[in-house]
There are 2 protein chains.
Amino acid sequence: MSESIWAAIRSEPPATTPFSSNCPSRVVLDHVTSKWGVLVLVALSRDSMRWGELHRYVEGISEKMLAQTLRQLESDGFVLRESMGTVPPRVDYSLTALGQELAALLIPLVQWVGDNVGRTTVPLGATA
Amino acid sequence: MSESIWAAIRSEPPATTPFSSNCPSRVVLDHVTSKWGVLVLVALSRDSMRWGELHRYVEGISEKMLAQTLRQLESDGFVLRESMGTVPPRVDYSLTALGQELAALLIPLVQWVGDNVGRTTVPLGATA
DNA sequence: CAGTATCCGCCATGATACTG
DNA sequence: CAGTATCATGGCGGATACTG
């Protein structure tokens, strides 16, 4: 009994890939590639931004989704939240070192998509 | 009247970015970064795959979502579907040139996430 | 200003069953 | 084998109102 426990503990997390259904990276990947996650991460890649700035910059995002996305990315360790504790409140959001590594990979992607929408055959009228 | 029409037509699609709420790239970005879209695109980046192969390779994807994702990516011009017209049926899926360009950007991302999950602070227990 | 709280519709996702 | 059809549901996402 104790043996099986130790065996289980000792056994390495069996080198799962994002293609494995139980791989933790699936979760992170979902956060990162979420509808708003990508845009927020890229938005913060230039410089830190305040809540209101982000809200205006990432057009169309609701307050709820902005809050949710930021909390998510913060809990993943990609975003740093700094409250200045002033009145009226001022809160700055920036990328952590980890977040910057990630954003570095996201930028070319967003850039490419932006540049090449015209080459795609996306059914017109899909404005959503 | 005709003037305003021409003015409207002549005016360039006002250089929208993915941060603009009405930008078409938003749609493509959503397809590409969809839960299964990323994985399917990366899966096909090595070589073409049959339906059943994909279904097994991208663990956890339902038949419905596989079909839907493939149709989506096909209609965007990223994926090529080739039915062999045999019985029993054999259908091959591969990336178009456009899809390969895209996948080239997706691979480092998926790779990075897979390699760096450990550095993130994803709340444990989130296996979904 | 920077959020939280609440309500709600809709659709993305999934499980199951069926078909050429 | 390669899908489609159908049904059920959770939660994504938006709108609105409220607060320190």
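Lettering of chains follows the sequences in order, A, B, ..., and the numbering in each one begins at 1.
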Visitor: Around Arg46(A), counting heavy atoms of other residues, nucleotides and ligands shown, do more than 12 lie under 6.0 Å from its CZ?
Guide: no

Visitor: Send over the distance from Leu54(B) CG to dG3(D) P, rounded to a whole Å.
Guide: 10 Å

Visitor: Rounded off to whole Å, could you give me the NE2-to-P distance for the His55(B) and dA15(C) pair?
Guide: 10 Å

Visitor: What's the CD1-P distance between Ile61(B) and dA12(C), to the nearest Å?
Guide: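 Between P of dA12(C) and CD1 of Ile61(B): 15 Å.
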
Visitor: Please give the nucleotide sitting opposite dG14(D) as a Watson-Crick or G-U wobble pair, both distances under 3.5 Å, or none.
Guide: dC7(C)

Visitor: According to the Watson-Crick and G-U wobble definitions, with both distances under 3.5 Å, which nucleotide is paired to dG20(C)?
Guide: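 The answer is dC1(D), by the H-bond criterion.
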
Visitor: Need to verify one output field. Residue with the more 5' nearest nucleotide on DNA chain D, Arg50(B) or Trp36(A)?
Guide: Arg50(B)

Visitor: Hey, which sits more toward the 5' end of DNA chain D by its nearest nucleotide, Arg56(B) or Ser34(A)?
Guide: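 Its nearest nucleotide lies further toward 5', so the answer is Arg56(B).
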
Visitor: Hey, does Leu95(B) have a side-chain heavy atom less than 4.5 Å from the side chain of Val79(B)?
Guide: yes

Visitor: Roughly, in whole Å, what's the span from CG in Asp30(A) to C1' in dG13(D)?
Guide: 16 Å

Visitor: Does Arg71(A) or Lys64(A) map to a spot on DNA chain C nearer the 5' end, using the closest nucleotide for each?
Guide: Arg71(A)

Visitor: Expressed as a whole number of angstroms, how long is the span from Lys35(A):NZ to dA12(C):P?
Guide: 10 Å

Visitor: OP1 or OP2 of dG3(C) less than 4.0 angstrom from a side-chain nitrogen or oxygen of Arg81(A), does that happen here?
Guide: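 Yes, Arg81(A) has a side-chain N/O under 4.0 Å of OP1/OP2 on dG3(C).
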
Visitor: Output the rounded distance in Å from CG (Leu66(B)) to C1' (dA15(C)).
Guide: 15 Å

Visitor: Of the nucleotides dG3(C), dG3(D), dC1(C), which one has an atom closest to the side chain of Pro89(A)?
Guide: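 The answer is dC1(C).
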
Visitor: Would you give the length of the straight line joining atom CZ of Arg81(A) to atom CH2 of Trp51(A), rounded to the nearest 0.5 angstrom?
Guide: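 Here the rounded value is 9.5 Å.
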
Visitor: Taking atom types as they are modelled, would you say the side chain of Glu63(B) forms a donor-acceptor pair with the base of dA17(C) within the 3.5 Å cutoff?
Guide: yes

Visitor: Is there a side-chain contact between Leu105(A) and Gln111(B) in this structure, where contact means two heavy atoms from C-beta onward sitting under 4.5 Å apart?
Guide: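 They are not in side-chain contact.
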
Visitor: With the side chain counted from C-beta on, respond yes when Leu41(B) and Leu102(B) share a heavy-atom pair under 4.5 Å apart, and no when they do not.
Guide: yes

Visitor: May I have the distance from Met65(A) (atom CE) to dG14(D) (atom P), rounded to whole angstrom?
Guide: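 Answer to the nearest Å: 7 Å.
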
Visitor: Rounded to whole Å, how long is the line connecting atom CD of Gln68(B) with atom C1' of dA2(D)?
Guide: 17 Å

